Amino acid sequence: MQNSFVELNGRERARALLDQGTYRELLGPLDKMESPHLEPQGIVPQSDDGIVLVLGELRGRKVLVISMEGAFQGGGIGEVSGAKIAGALELALEENLRGNKLYPVMIFDTGGVRLQEANYGLLSISEICTQIVALRKVIPVVGLIPGRVGAFGGMSITAELFTTLIATKKARLGLNGPEVIEQEAGVMEFDASDKALIWNTIGANQRLVTGLVDEVVEDATEAVIAAVLTALEAPVKPARTEQVEFYLNLLNHLDTEAEWTPERYREFYKQQTAAPQPVPMAREGSADAADGRGYRWFSHLTGIAHPVSEVPSVLAADVEKNGQLCRVISVVPDSGSRFKRARAGEVGLLEGWTLAQIVRDAIKQDEDKEHKRPIIAVIDVPSQAYGYKEEMVGISLALAASTDAYATARLKGHPVIGVIVGNAISGAFLSHGLQSNRLIALDDSKINIQAMSKASAARITKRTIEELEEASKKVPAMAYDVNSYSTLGPLYTLLSGIEADEPQAGDIATVEQTIVEAIGSTQGAPRDLSFRLQTDEALAGGRLATLKVRSLLREQW
C-alpha cells in the first residue's frame, strides 16, 4: 500500500517531503503566534495559526516548505497566517538574491481568505502574491494541491502564479466555491449538491487538461516528491499568467449562449491557439456607455467625455498628470456583456485578461525607458464574477493574470496608484487595486471594502448577518466601511470632503493633486508593498501582529 500524502496533516506533509534530519520549523507552536482576532469572536485560536514553515533539504536541495493546515478554519488566511507566508517568502527572496539557492515549496489546503479576519486576509494574500511574482524571476516556485480542502478563493489566484503547480487526483482548484456561486447566482447557475459536476468542473484532472495545473500525480508521498524534484530542475517556461493572447482569443471564440459541459470545454480548449489582439484604449463616445463611480471618475481623471472602448467593461487611456504620461484604467459595468455574470462591474474572465493585456502593454512600451509611466487604477468593483462558465474556463487564472501584470509593473518601476472611489470587494480588489504601491480612498459612506458579500459571508461562517455586523465591532478587519479599513494601515491617504457621486471641479483637482503626490512618494522608495506596513495606522496597531510575526521570523531565520 502506498503512503498517502493527502491523508497527512499540514505538519506531517512538510516533514514527509524533507530529507531525514533536516527539518527545522520556524515560528512553531511553542512560539504561540496565535491570531488575536479569533477569541473576541468566540473562536479558539491555534498556536501556529494553521501555517507550518520549515527550512530543510529535499534530496539535498535547500527548500522552504510552507504547509497549510486545512483542518483549522478551513485553511483560511488571516493576519498571522498571511504574515507567516509573506514574511517567509520575502526572506527566501533575500536569500536567493544573495546567491544562496533556496527553493520555495507551498502546500495548499485552503478555502482562501479567513472571513473572520476578512480584510487582513485580502491584504496578506496580495502581499503573498507580490513575493511569488518576485521570486519566480530568480528561482522556480512550486505549488502542491494534495486534496481535502483544495485551493480556493484568493489563494487560488496565488496558486496560479507559481512556476509549477502540481496536484493529486483528489485535489480541487477554483476561485469561487460552489456554495458561494449558488448563494450569489442561484442553484440553476451551479448546484452545490451536485458532487459529480463539481469534480468534473474544478477537479484536478479537468484542470490539467485545460491548462490550470501542470501535473497530476498519484496520492503517494514518493510520487509527490518525484514531481517536485522534476519541477525544480525544469527549464524556464512562460508563466500561465502571461498567456494573454491565447486566452483573449479563446474568450473571443467561446459561445456564451451555448450549454457547456466539462467534456465539451476540454475539446474546445484543445483547439485554441494564441492570436495577436489589439489593445483596447478608450475614446470619446456620443453618450455615456455605463453608469457608476468607476465610469464617471475615469472620465473626470482622463478628460474623456462619454468614454467607450472595444472592450466596454475595461477603460484605459494615457493622459498627462503634472507633465508625466500616466495610464489610467477602470473596470466598469457593461449591461450587454456576453458574460452575464459580469455585467455590473464585476471582474470576470474578459476583464482579468484585458487588464493584464493593458498593463503589460504599458510595461512593453516603457521597457527601455528610464522613467516608467505611472499606472492609475480607478477602483469600483463589486466582486469577481460568480458563474459556472467562469469556473469552467478558470477565472482564478484570469484574475491571477491581472494581479501578476500589476505586480510586475510595480516591480519594474512603474508607480501603481489605486484610487478607491466605490466598492472594492474580494478577488476583484485583489486583481485590480491591491497590487498598488499607494492606495487612495474617498471617505464616503457608500464605499464597501471586504472579502465577500454579507450574505455569502454569513452562509460560509454559519452566522446571521446581524452576528457578522456585531463581530465587526470587535474586529475592524471584518467591517465593510472605509474608515474601519483605514485603521488597518493600507491607505496612503483617506480623502475627506470629496463629493464622490457628482464631483465638482475642486473635488477632481484635489484627487488629481493627491495622485501626483502619491506618485512622487514612490520615487526612490522600495518597489514592494512594505509601505502599507509603515503607515501611522499600521504602526499604531493596525498591523501589529504582522509586524511581530515578521520580526520573529527574521530572528529565527
Side-chain angles (χ1 to χ4, degrees), residues 2 4-10 13 68-76 107-113 115 143-157 159-160 165-213 215-220 223-224 258-269 341 349 384-397 426-427 452-453 455-462:
Q2 299 182 109
S4 170
F5 193 76
V6 175
E7 295 306 315
L8 301 176
N9 65 33
R13 288 171 176 173
M68 303 171 196
E69 181 49 76
F72 178 65
Q73 293 294 309
I107 305 171
F108 289 85
D109 205 17
T110 172
V113 169
L115 294 177
L144 293 172
I145 312 176
R148 284 190 182 168
V149 179
F152 286 94
M155 290 305 284
S156 71
I157 295 173
E160 294 291 6
L165 191 57
I166 302 164
T168 76
K169 294 178 180 179
K170 299 179 181 180
R172 298 175 302 165
L173 169 68
L175 178 60
N176 303 304
E179 294 85 359
V180 178
I181 298 175
E182 184 178 291
Q183 173 67 45
E184 296 287 343
V187 70
M188 296 300 292
E189 184 67 24
F190 209 144
D191 183 353
S193 68
D194 190 338
K195 304 305 179 186
L197 175 64
I198 291 168
W199 278 102
N200 289 336
T201 304
I202 63 176
N205 287 328
Q206 177 75 0
R207 293 318 202 185
L208 175 66
V209 296
T210 56
L212 271 71
V213 302
E215 185 174 357
V216 173
V217 299
E218 293 295 330
D219 175 23
V224 171
E259 291 294 325
W260 285 90
T261 64
E263 294 75 18
R264 179 179 178 181
Y265 181 67
R266 285 186 185 210
E267 294 306 312
F268 172 79
Y269 176 84
R341 300 298 171 189
L349 294 165
Q384 65 265 28
Y386 297 97
Y388 169 70
K389 294 183 183 70
E390 281 73 16
E391 287 304 323
M392 178 187 72
V393 175
I395 187 174
S396 56
L397 180 56
S426 198
M452 191 176 283
S453 74
S456 290
R459 177 172 178 172
I460 298 300
T461 60
K462 297 179 172 60

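Excluded from the calculations below are hydrogen atoms, water molecules and symmetry mates; all remaining heavy atoms, backbone and side chain alike, are included. Small disclaimer: the values here were computed from a predicted structure and weren't measured. Throughout, residue positions are numbered sequentially from 1 according to the sequence presented.
Smallest separation of non-hydrogen atoms from Ile395 and Gln384: CD1-CB, 4.3 Å. Taking both residues in full, the closest heavy atoms of Gly111 and Val149 are given as N-CG1, 3.7 Å, listed atom of the first, atom of the second, then distance. What you find for Met155 and Thr110 is that their closest heavy atoms are CB-CG2, 3.6 Å. Nearest heavy-atom pair, Pro146 versus Ile107, reported as atom, atom and distance to 0.1 Å: CG-CG2, 3.6 Å.
For Lys170, the side chain to side chain donor-acceptor pair (under 3.5 Å) partners are Asp219, not counting sequence neighbours. Residues passing the salt bridge (charged side-chain N to carboxylate O under 4.0 Å, His left out) test with Glu267 are Lys270, sequence neighbours excluded. Residues passing the salt bridge (charged side-chain N to carboxylate O under 4.0 Å, His left out) test with Glu184, sequence neighbours excluded: none. Legend: residues meeting salt bridge (charged side-chain N to carboxylate O under 4.0 Å, His left out) with Glu69, ordered by chain and number and at least two apart, are absent. With sequence neighbours left out, Ala204 forms a side chain to side chain contact (heavy atoms under 4.5 Å, CB included) with Ala167, Ala171, Val216. Partners of Glu390 by salt bridge (charged side-chain N to carboxylate O under 4.0 Å, His left out), not counting sequence neighbours: none found. In this structure Gln206 satisfies the side chain to side chain donor-acceptor pair (under 3.5 Å) test together with Arg266, sequence neighbours excluded. With sequence neighbours left out, Phe72 forms a ring pair (Phe, Tyr, Trp, His ring centres under 6.0 Å) with no residue at all. Residues passing the side chain to side chain contact (heavy atoms under 4.5 Å, CB included) test with Ser156 are Leu173, Leu175, Ser396, sequence neighbours excluded. Scored by the side chain to side chain donor-acceptor pair (under 3.5 Å) test, Arg172 finds no partners at all (sequence neighbours excluded). Here Arg13 pairs with Asp109 under the side chain to side chain donor-acceptor pair (under 3.5 Å) rule; sequence neighbours left out.
Here Arg341 contributes atom CZ and Leu349 contributes atom CG; the two are 13.0 Å apart, rounded to the nearest 0.5 Å. One finds the CD atom of Glu182 at 14.0 Å from the OH atom of Tyr386 (value rounded to the nearest 0.5 Å). A distance of 6.5 Å separates NZ of Lys389 from CD of Glu189, quoted to the nearest 0.5 Å. Remark: Ile202 CD1 to Phe152 CZ distance equals 3.5 Å, nearest 0.5 Å. Interatomic distance, Leu208 CG to Ile166 CD1, rounded to the nearest 0.5 Å: 11.5 Å. For the atom pair CG of Leu144 and CE of Met68, the computed distance is 10.5 Å after rounding to the nearest 0.5 Å.
Residue pairs meeting the side-chain hydrogen bond (donor to acceptor under 3.5 Å, both in side chains) criterion with at least one partner in residues 193-205, sequence neighbours excluded, are Asp191-Ser193.
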Check the pair Leu197 / Tyr388 against side chain to side chain contact (heavy atoms under 4.5 Å, CB included), numbers first and verdict last. CA-CA 10 Å; Leu197 175 64; Tyr388 169 70; 4.0 Å; yes
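Distance alone, capped at 3.5 Å, is enough to place a donor-acceptor pair between the Glu391 side chain and the Asn176 backbone.
Contact check for Tyr265 versus Val393: side-chain heavy atoms found under the 4.5 Å cut-off.
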